[in-house]
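Here's the structure we're looking at; comments come further down.
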Amino acid sequence: MALNSYLADRRQHPANQSRNAMIMTHVVCGYPSFEANWQALEVMQEFNVDLVELQFPFSEPSADGPLFVKANQQAIENGVHVQDCFDFMRKVTEHFDFKVVMMGYYNTVFKTGHRAFLEQLKDAGAHGFILPDLPVDEAQELHSIASELELSPIVLMTPTNSDERLAQLANAADGFIYAVARKGVTGSETQMNQEVAEFIQRCRHLTDLPLAIGFGVSSANDIDFIGQHADIAVIGTAALKAWEEQGAQGLRLFFTQLLDQIDQK
Amino acid sequence: MALNSYLADRRQHPANQSRNAMIMTHVVCGYPSFEANWQALEVMQEFNVDLVELQFPFSEPSADGPLFVKANQQAIENGVHVQDCFDFMRKVTEHFDFKVVMMGYYNTVFKTGHRAFLEQLKDAGAHGFILPDLPVDEAQELHSIASELELSPIVLMTPTNSDERLAQLANAADGFIYAVARKGVTGSETQMNQEVAEFIQRCRHLTDLPLAIGFGVSSANDIDFIGQHADIAVIGTAALKAWEEQGAQGLRLFFTQLLDQIDQK
Amino acid sequence: MDLFDFADGREGYYGDYGGTFLPEILHSTIEALKAEFRAAKEDPSFWQDFVELMQSYSGRPTPVTHLSNLSQILGGAQIYIKREDLNHTGSHKINNVMGQGLLVKRMGKDRVIAETGAGQHGYATATMAARFGFHSKIYMGALDVARQRPNVFWMENMGSEVIAVTDGQQTLKDAINECLRDWVTNMDTTHYVLGTACGPHPFPEMVSWFQSIIGKEARAQMIETAGGLPDRIFACVGGGSNAIGLFQGFMDDSEVQLVGCEAGGFGPGKGNHAARLAYKDASVGVAQGMKTYFLQNDDGNMLETHSVAAGLDYIGVNPILVHLWEQDRVRFEAVTDQEVTEALKISMRTEGVIPALESAHGFAQAIKEAEKMRPDERILINMSGRGDKDIFTIADALDDSHWKQFIQTKAEQYGAE
Amino acid sequence: MDLFDFADGREGYYGDYGGTFLPEILHSTIEALKAEFRAAKEDPSFWQDFVELMQSYSGRPTPVTHLSNLSQILGGAQIYIKREDLNHTGSHKINNVMGQGLLVKRMGKDRVIAETGAGQHGYATATMAARFGFHSKIYMGALDVARQRPNVFWMENMGSEVIAVTDGQQTLKDAINECLRDWVTNMDTTHYVLGTACGPHPFPEMVSWFQSIIGKEARAQMIETAGGLPDRIFACVGGGSNAIGLFQGFMDDSEVQLVGCEAGGFGPGKGNHAARLAYKDASVGVAQGMKTYFLQNDDGNMLETHSVAAGLDYIGVNPILVHLWEQDRVRFEAVTDQEVTEALKISMRTEGVIPALESAHGFAQAIKEAEKMRPDERILINMSGRGDKDIFTIADALDDSHWKQFIQTKAEQYGAE
Ligand SMILES: Cc1ncc(COP(=O)(O)O)c(C=O)c1O
Ligand SMILES: Cc1ncc(COP(=O)(O)O)c(C=O)c1O
């Protein structure tokens, strides 16, 4: 689908000549504000990120770590509604080069209605969606509407899964696979080590889709490690932390430290 | 014994020509002080009381009402010991005309030892003792020593007793009978009415000993009523209350109101 | 009727409700739990061990008590109560927790985590962990920690670490989220002891199974001591574990009315209460691992809830009960804080029993209905817990000035130290 | 051995101890009570009614629980506890109180009075009065009212009037005096529900009889669940009702050692403790209706006493136990506040049980001795009550800063109202 071919093409993008991994970043809609989101996205664009997850805030973000929990909560308190997120997403997808996937919790989708939600998502220009609390076993109907609408349901693979389960997940997946490098929630650091490499290897055997490696990416070394074993590095908490500390300037500094060394290779 | 003949004689005392009841008053040893006790006794002597109960303070005065409870407690806090009470009693019996009986709780006697206690009591010049928490059923040994020492064990009769029990009490009694005019503890007022008269009548039938009527005597009318049916009016709480309010002067006033009218008849 | 015969439907679903909505990382953990639970459920010696443990440690069977005074005053049905308050730790929560403890031992894990709202489940879990020798961590909304300090005190003294959760509304649902976060990190060593018949499959089934001991006992006791089945049964519904526990005993007795009593708080209106089914303010959603009715807004974000009873103050509800409600097998009613206080007062004065504020919801609804019933009819209320634990809340509700004075004196004493 | 066969001695005497030392005005009341009690004791249906009431209302029989963890840690005898804490209202006091309630009904009276120290007996009496529909007044030392406000709160809410006694030391003994004063005024309508196996005959016998339900159950349970009689039995001794209640079950088992555990407070020395027999600071006296050992001075005036456990903080002791002590049938030991706190901590952490501070005295002594016994020996401790009620005292004893903070916050909140 659209996302698959974008990613295939994007690998050839000039920015990715020296980078061995593509980059996906993360923004929580409406936190601290939509204006701030826009500025952050502009910085990300400067650094040629390839994909952005726009998280729709949910009151029970049980798979998120403390920083994102706070962001979700604050966004809701700011009065951010689902409709606002779609509106914002449309503006983003119309303006920026990177592609956008929706990230959030299943209840947001369920409450809006499967088809209604996905149609609005499509309409807003997204290419896929990540719902970490929706197991594939519960996702048949949603995925089939997605397929109809050419939206990629991004599936998570985790180190606790058996090969049998990984195969089942691969079957349901499209666009790319989000391989969770370790147990735990977002935002804690992961040791990019042999164990992670072996896990990626297990995933690799079972799917041809690009593999995005998430949870805890925060240094050039991490990206280098991911590049060696997989396709996409997911940068979430570390970027938000940088923003929290010094706003757009902090974020720019963060990406510089993270990527310049690689880009100048 | 000594007390019996004293009471028989005392009835003929000039002070008792116009009074139809003899008078027994009450002092708690060492409350508020032995000096105050002495002054109170002087007032009582002025008014020709016939008998005085000297109460030995006890920490658990369960048959006493609030005013005497406080007096017992305060006396103990003042450091009054059993020996002090005996010493005081000796001074009192040597100095005053009225006769003295010890009033207190059985543990004071028990702890000193039956014989030791009664010998000291005798030595201090008392004529008897009132122990409201010692039932006659438990008193055989003590009473037989008392009899040996010519001390009168004053027994209580109460309106709740059956005639059979009253007879048993009469059997154990000596000196006089303390007839409790009503249920309850010391210090609450009693209606001197037909019911009380009937109760006294019941006692009268069963003993030839003088009958002292206690609990709540506070007016000339009460004394008149007691005089009509019995022999001795016991004045306890009302007198202490008068003392508490205005000391010796208050006590004098109280006795004046109580007795002058009668004495002037 | 076997609620847990999934042969005709999807495993873990009760009608449209239930399911397992969890991050993929817990998939194998949940599968292992399901397998272990299934094995335990099929092993008669497991249930026997459970019953023996509950007898020797928690004093089961708990009796059924006839409230003859209250029945007479109301002039209607004969009221009986099932005395879960007499359990060790003071509520039915211990049934579930000891059962899960046995399961944890079977699984060879050595650490448990639990969420708690009122603190009763945390208290029970801390107790179980002490008894089984497990490490334990209890997550509790920071607001609840502040409100329910006595329970926190006991948990800590039994060796549990109590974590005050400062996210979200800082109450039960946030503690559940935090438990899930711990679990996705430590699933190898750790079992999540869910406290009510909610959450992802197999929890609703598992908790219901352990709590079914209530209904099993109660049915036999009613026949023996009251001379027959109750006409109506009342149980408060927070997550829905004590209710389903009792109801299961009477599921096949179609003449027995089952009544779930929810927290009506200040009355109808979003944010005023925690009634998911009795009022019309909730709708179907998916959160905290399950599909069921939630008090949520149009975006699917959860609403604030309110109840005088912390243990009923929850956004979601047992999916099995929702199914039974849709099938008209269980009736749902809501009871306001005000009605609860009145029910509590009359129970204390006429019978010398102090229901927990949660349980008092069942009492309040039963009292309303008993008056209109005949004296030869029978009512059974689940007294899910005792009210001692609620002294701070009840004293506030009754506005007891002596109590306040006492607390102020105590505070001065501490201040002077 | 029938302790209550007075054929060879004086009725109401146990060796030299006991008797009926009351104002004459109560003579007929006590005689009537003796007669009624005697009739009830000889009427098998009375005991049966009592047992049934305790089953349906209070959850009896209470279980015996094996403390396997604690036994293993100590490496000595196997420790079992009799779970009186699981009774309704949380202690063994309810046994006595419900029994006396039945007797009051038999006597046709409609008002009860009771003294209370820790508040457990008052709480139980208020409960009984509510259940039986009696008027009730509870006398409690003003100091205890201040210390034990939670119990006062419940008593009042169950409809009892609680009177703070400001005489004397303002503690238990003064409350007893005040009860006697009420009783000498209102004996026609009123029964005095004495809370422990003390006071004038027939109270020691009567309270012992109702409490013997503990020992009856426990003996059978030990044989059934522990495989044999205990080698030693431990019970705390305040007035001495839970101890005599348990001991009676094993009176004829001469190989079973019976150990009474008194309040050692700060240790030996007059005024430092409430140990009448284990230390040498008490002597025989007559007060509060009976002849027994009292903590008194040479004048026969009572000493101040001290214990961390309000329910043990009493000047006198059960005359039956004194007799059994003189006959070497019961051994007496004292346990200090400090040892009690330690016993409480280890019980909570290793077994998930919270003994009342009173009961923890039995635990502490048992722990001391268990270590030196063989693993095939058995110990039985009477867990006479639960420690929830002691939260203020225990928090103070453990110097819990969170608790203090909580109380201060609560106080500020009340102050702001
Ligand atoms: C005493 C008591 N009853 C009822 C409940 C509600 O839970 P559930 O609906 O799971 O029984 C609680 C929860 O804490 C509780 O403590
Ligand atoms: C739990 C508990 N245990 C023991 C006692 C001591 O009383 P007794 O010696 O009569 O059992 C009390 C008294 O209040 C108590 O509350």
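Per chain, numbering begins at 1; letters A, B, ... match sequence-line order.
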For B:Thr112, is it the side chain, the backbone, both or neither that has a heavy atom under 4.5 Å from a heavy atom of chain D?
neither
Proximal component of B:Tyr105, with respect to chain D [non-hydrogen, under 4.5 Å]
neither
Salt-bridge contact D:Lys291-B:Glu138 (side-chain N to carboxylate O under 4.0 Å)
no
Is D:Asn186 in contact with chain B via its backbone, its side chain, both, or neither, using a 4.5 Å heavy-atom distance?
neither
Look at the side chain of B:Asn107 and the backbone N and O of D:Val286, then say whether any donor-acceptor pair between them is shorter than 3.5 Å.
yes
State whether the side chain of D:Ser28 and the backbone N or O of B:Asn161 hold a donor-acceptor pair below 3.5 Å, judged by distance alone.
no
I need the B:Ser162 OG to D:His27 NE2 distance, nearest 0.5 Å.
8.0 Å
So which part of B:Pro57 gets closer than 4.5 Å to some heavy atom of chain D, the side chain, the backbone, both or neither?
backbone
Counting heavy-atom pairs under 4.5 Å with chain B, which one of D:Asp174, D:Ile315, D:Asp298 comes out on top?
D:Asp298
Heavy-atom contact with chain B under 4.5 Å, split by part of D:Gln296
side chain
Assess whether atom NZ of D:Lys41 is packed by more than 12 heavy atoms of other residues, nucleotides or ligands within 6.0 Å.
yes
Please round to the nearest 0.5 Å and tell me the distance separating atom CD of D:Glu31 and atom OG1 of B:Thr160.
11.0 Å
Checking D:Arg181 side chain against B:Asp64 main chain: does a donor-acceptor pair fall under 3.5 Å?
yes
Could you look at D:Glu178 and say if it's the side chain, the backbone, both or neither that has a heavy atom under 4.5 Å from chain B?
neither
Side chain, backbone, both or neither: which part of B:Val82 has a non-hydrogen atom closer than 4.5 Å to chain D?
both
One should read off an interatomic distance between D:Asn301 CG and B:Phe56 CZ, to the nearest 0.5 angstrom, of 12.0 Å
Taking NZ in B:Lys91 as the centre, count heavy atoms belonging to other residues, nucleotides or ligands within less than 6.0 Å. Is the count above 12?
no
Relative to chain D, which of B:Glu60, B:Gln73, B:Glu77 shows the most heavy atom pairs under 4.5 Å?
B:Glu60
Shortest non-hydrogen separation from D:Asp299 to B:Lys111 and the atoms involved
C-CG, 4.1 Å
We want to know whether D:Lys173 and B:Ser59 form a side-chain donor-acceptor pair, criterion being a heavy-atom distance below 3.5 angstrom.
no
Quick check on D:Ile25 against chain B: is it the side chain, the backbone, both or neither that has a heavy atom closer than 4.5 Å?
both
Out of B:Val180, B:Leu156, B:Val69, return the one with the most heavy atom pairs under 4.5 angstrom to chain D.
B:Val69
Taking everything shown except B:His114 itself, do over 12 heavy atoms lie less than 6.0 Å from its NE2?
yes
Mind checking the CG-CG spacing from B:Asp137 to D:Leu22? Nearest 0.5 Å is all I need.
10.5 Å
Is the number of heavy atoms from other residues, nucleotides or ligands within 6.0 Å of CD (B:Glu164) greater than 12?
no
How far does CZ of D:Phe21 sit from CG of B:Leu131, to the nearest 0.5 angstrom?
11.0 Å
To the nearest 0.5 Å, what is the distance between CG on B:Asp133 and CG on D:Leu26?
11.5 Å
